[in-house]
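Side-chain atoms are counted along with the backbone in the values below, which use heavy atoms only and exclude waters and symmetry mates. Below, chain A is the first sequence line, B the second, and so on; all start at residue 1.
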Amino acid sequence: MANSCKFPQKPHAKYAEVSDKLWMTCRECGDMIYSKKFHSNSKVCPSCGYYAAMTPVERFELLFDGAKFETIEMPIPSDDPLKFTDKVSYADRLKKYRKSTGEQDVVQTAVGKIDGVETVVLCFNFAFMGGSMGRAVGEGIMKAAGEALARKAPFVLIPASGGARMQEGINSLMQMPRTLMAIEDLKNAGLPYIVVLTNPTTGGVTASFAMVGDVHIAEKGAVIAFAGRRVIEGTIGEKLPDDFQTAEYLREHGMVDIVVERSELKSTLGNVLSLLTNVKKK
Amino acid sequence: MVQLLPFEKSLEKLEVGTPAYDKELASIYNKLSSYQKTLVSRHADRPHGLDYINRIFTDFQELAGDRFYGEDQALIGGLARLDGMPVVVLAQEKGHDIATRQKHNFGLAKPEGYRKAIRLMKMADQFGLPVISLVDTDGAFCGAESEERGVGEAIAQATAQCLRLSVPMISVIIGAGGSGGAIAIAAADKVFMLEHSVYSVISPEGCASILWRDPMMKEAAADAMKITAQDLKKMNIIDGIIDEPVGGAQRARFDAMDSVKTFVVKELKALMKLSSKDLQTQRRKKYDALTR
Ligand SMILES: [Zn+2]
């Protein structure tokens with residue numbers, strides 16, 4: 001978002017296209033992988049560790065004990081507040097993404113146990129319009145945080161977003177203060193708020209709810225940025241180092257607590273939740 | 001004499017101050033497009049943050065630094081009096097010539113600017129001083145050093161700090177309200193815009209190059225995003241519009257600034273009648289309802 005700071009990279013779209021095939025080729029190492037194996041391995045290449053984006057349901061299955069969870073219905077505000085049209089109308093774009101993902105918008109929420117701790121988890125679906133933040137995302141986060149508050153449960157938020165949904169204009173920007181207010185309620189209630197930063201988390205999302213967690217966990221190699229690399233390279237007129245704006249880079253610069261492999265995510269999260277809520281691990 | 005904008009060329013042949021000139025000026029400014037307003041909001045002669053500080057506040061004492069890393073002159077802060085009342089003032093400043101633009105980094109604040117704002121807002125809370133912010137930025141600074149020092153986190157925390165104040169906060173968009181760089185000091189109890197200011201999630205140029213893949217579509221992008229004070233008031237995103245002199249604030253700088261003062265003082269006095277608790281309840285309701 002912000003002054004033409006648009007993050008250009010699309011993560012691992014290739015995997016989504018071939019997921020129904022029996023065999024697939026790893027985009028990184030070129031190895032042939034048995035599709036089922038790839039999926040049972042949380043969409044991580046068994047040869048090289050390269051990973052693909054996960055849908056919210058896949059995340060929930062990965063994180064909740066016994067893959068058991070209850071979904072919380074997300075509010076869907078009325079469509080297209082500005083009646084926005086660029087080359088394509090926003091209404092048509094929404095239609096297209098609803099068809100391709102089977103979901104109404106970006107965020108989904110579920111409640112279940114993580115290592116025995118009842119937790120509300122909200123997850124972004126990058127496949128829906130690049131996980132962009134509009135009113136549906138804002139309302140979803142407010143509802144999910146409210147659910148955590150009502151259950152006196154920790155709140156885990158897993159963003160994957162290109163930033164603002166420009167088609168909603170200022171309505172998108174206003175979700176920054178609105179979501180921050182919802183998160184503030186959790187802090188006042190002494191409930192843990194944990195952000196699991198995944199690839200990519202960029203733009204306005206990193207300038208609001210995604211950067212105010214009590215604990216920030218990031219998936220290895222994930223790009224986490226306010227302004228896009230290309231915008232910055234354009235400004236300074238030189239190439240930035242390869243690890244610029246990666247999870248590891250953010251940890252080195254004090255913005256992320258823990259960098260994890262996807263295989264360690266559940267146990268790390270479970271341990272942090274258990275320590276913060278003092279519930280014995282089961 | 002102010003520099004004419006591209007759509008003001010018809011004024012060239014007219015003598016300033018004549019009825020014909022006034023009529024033409026009024027007719028141009030009665031039907032400004034969204035993108036023309038964007039150009040007015042960026043006019044070099046438009047009063048900037050520091051102009052307002054010098055004109056409408058008294059006893060200004062600048063306070064510098066974020067106590068972590070550095071000082072940022074893109075976002076000026078300090079103590080001052082407004083109509084005799086002590087306040088904390090935050091103002092983005094773009095600069096007006098090469099030297100001052102460099103000094104103020106074109107109004108593009110870095111993390112330390114937002115962290116200074118947080119520090120001063122906390123101070124306002126501690127001493128019970130209202131906060132007045134004057135917003136005029138194309139956005140936060142997009143550079144490696146900004147990312148290194150966590151500009152996103154700084155903006156998020158500044159926005160959260162606005163929302164948790166126990167004192168009243170009023171924001172006025174005096175020129176450009178550029179996305180996250182603006183909201184960080186504009187999540188206020190009352191947000192007002194000057195008549196020809198703009199407030200948007202991305203610049204028209206940025207939006208055009210991303211969605212249309214053609215920066216020349218900036219006018220269409222400006223219209224589509226609904227970025228003018230008039231549009232935003234209609235959508236209840238802002239609380240009010242402060243009229244500018246005919247022909248824009250750049251043509252009658254003192255009049256423009258003085259009307260901001262009158263407007264803000266009146267609004268501030270109303271907010272100061274509320275208890276902290278009522279203020280926070282009202283703010284909560286405002287942001288809950290926003291965009292719904
Ligand atoms: Zn591989």
A:M181 versus chain B, heavy atoms under 4.5 Å apart: side chain, backbone, both or neither? both
Per-residue contact mode, A:F209 against chain B (heavy atom under 4.5 angstrom): neither
Under 4.5 Å from any heavy atom of chain B, what part of A:Y90 do you find: side chain, backbone, both or neither? neither
What's the shortest heavy-atom distance between A:L180 and B:A160, and which atoms? CD1-N, 4.0 Å
Any non-hydrogen side-chain atom of A:S208 less than 4.5 Å from a side-chain atom of B:T159? no
Between A:F84 and B:C207, what is the shortest heavy-atom contact and its length? CZ-SG, 4.3 Å
Using a 4.5 angstrom heavy-atom cutoff, name the option from B:E148, B:Q157, B:K286, B:M235 with the most pairs to chain A. B:E148
Spatial distance of atom CE (A:M174) from atom CG (B:L232) [nearest 0.5 Å]: 7.5 Å
Would you say A:D242 has more than 12 foreign heavy atoms packed within less than 6.0 Å of its CG? no
Closest heavy-atom contact between A:R135 and B:T291? NH1-O, 2.9 Å
So which residue, B:R149, B:M225, B:R284, B:R283, ends up with the most heavy-atom pairs under 4.5 Å with chain A? B:R284
Can you confirm whether A:M142 sits close enough to B:D288 that some side-chain heavy atom of one is under 4.5 Å from a side-chain heavy atom of the other? yes
Roughly how far apart are B:E145 CD and A:I232 CD1, rounded to 0.5 Å? 10.0 Å
Which atom of A:P177 lies closest to which atom of B:L163, heavy atoms considered: O-CD1, 3.3 Å
Under 4.5 Å from any heavy atom of chain A, what part of B:M217 do you find: side chain, backbone, both or neither? neither
To the nearest 0.5 Å, tell me how far B:Y287 OH sits from A:T179 OG1. 12.0 Å
Count the heavy atoms of every other residue, nucleotide or ligand shown that sit under 6.0 Å from NZ of A:K83, and state whether that count exceeds 12. yes
Scanning both residues in full, the closest heavy-atom pair of B:E147 with A:F226 reads OE1-N, 3.0 Å
Which bit of B:I237 is near chain A, if near means a heavy-atom gap under 4.5 Å: side chain, backbone, both or neither? side chain
Report the distance from atom OG1 of A:T85 to atom CG of B:L211, rounding to the nearest 0.5 Å. 11.0 Å
Heaviest contributor of heavy-atom pairs below 4.5 Å to chain A, chosen from B:A187, B:A154, B:A224, is B:A224
Are any non-hydrogen side-chain atoms of A:R165 and B:V201 less than 4.5 angstrom apart? no
Can you tell which part of A:Q175 gets under 4.5 Å to a heavy atom of chain B, answering side chain, backbone, both or neither? side chain
Please flag which part of A:E139 lies under 4.5 Å from any non-hydrogen atom of chain B: side chain, backbone, both or neither. side chain
How many angstroms lie between CZ in A:R178 and CG in B:L290, if you round to the nearest 0.5 Å? 6.5 Å
Heavy-atom distances under 4.5 Å only: say whether B:I183 touches chain A with side chain, backbone, both or neither. side chain
In terms of heavy-atom proximity below 4.5 Å to chain A, should B:A220 be classed as side chain, backbone, both, or neither? neither
Look up atom CG in B:D223 and atom CG in A:L82, then write down how far apart they are to the nearest 0.5 Å. 12.0 Å
Between A:K87 and B:D214 (salt bridge meaning N to carboxylate O under 4.0 Å), is one present in this structure? no
Are A:K187 and B:R164 close enough that some pair of their side-chain heavy atoms sits under 4.5 Å apart? no
Taking every non-hydrogen atom, the tightest pair across A:A227 and B:C142: CB-SG, 3.5 Å
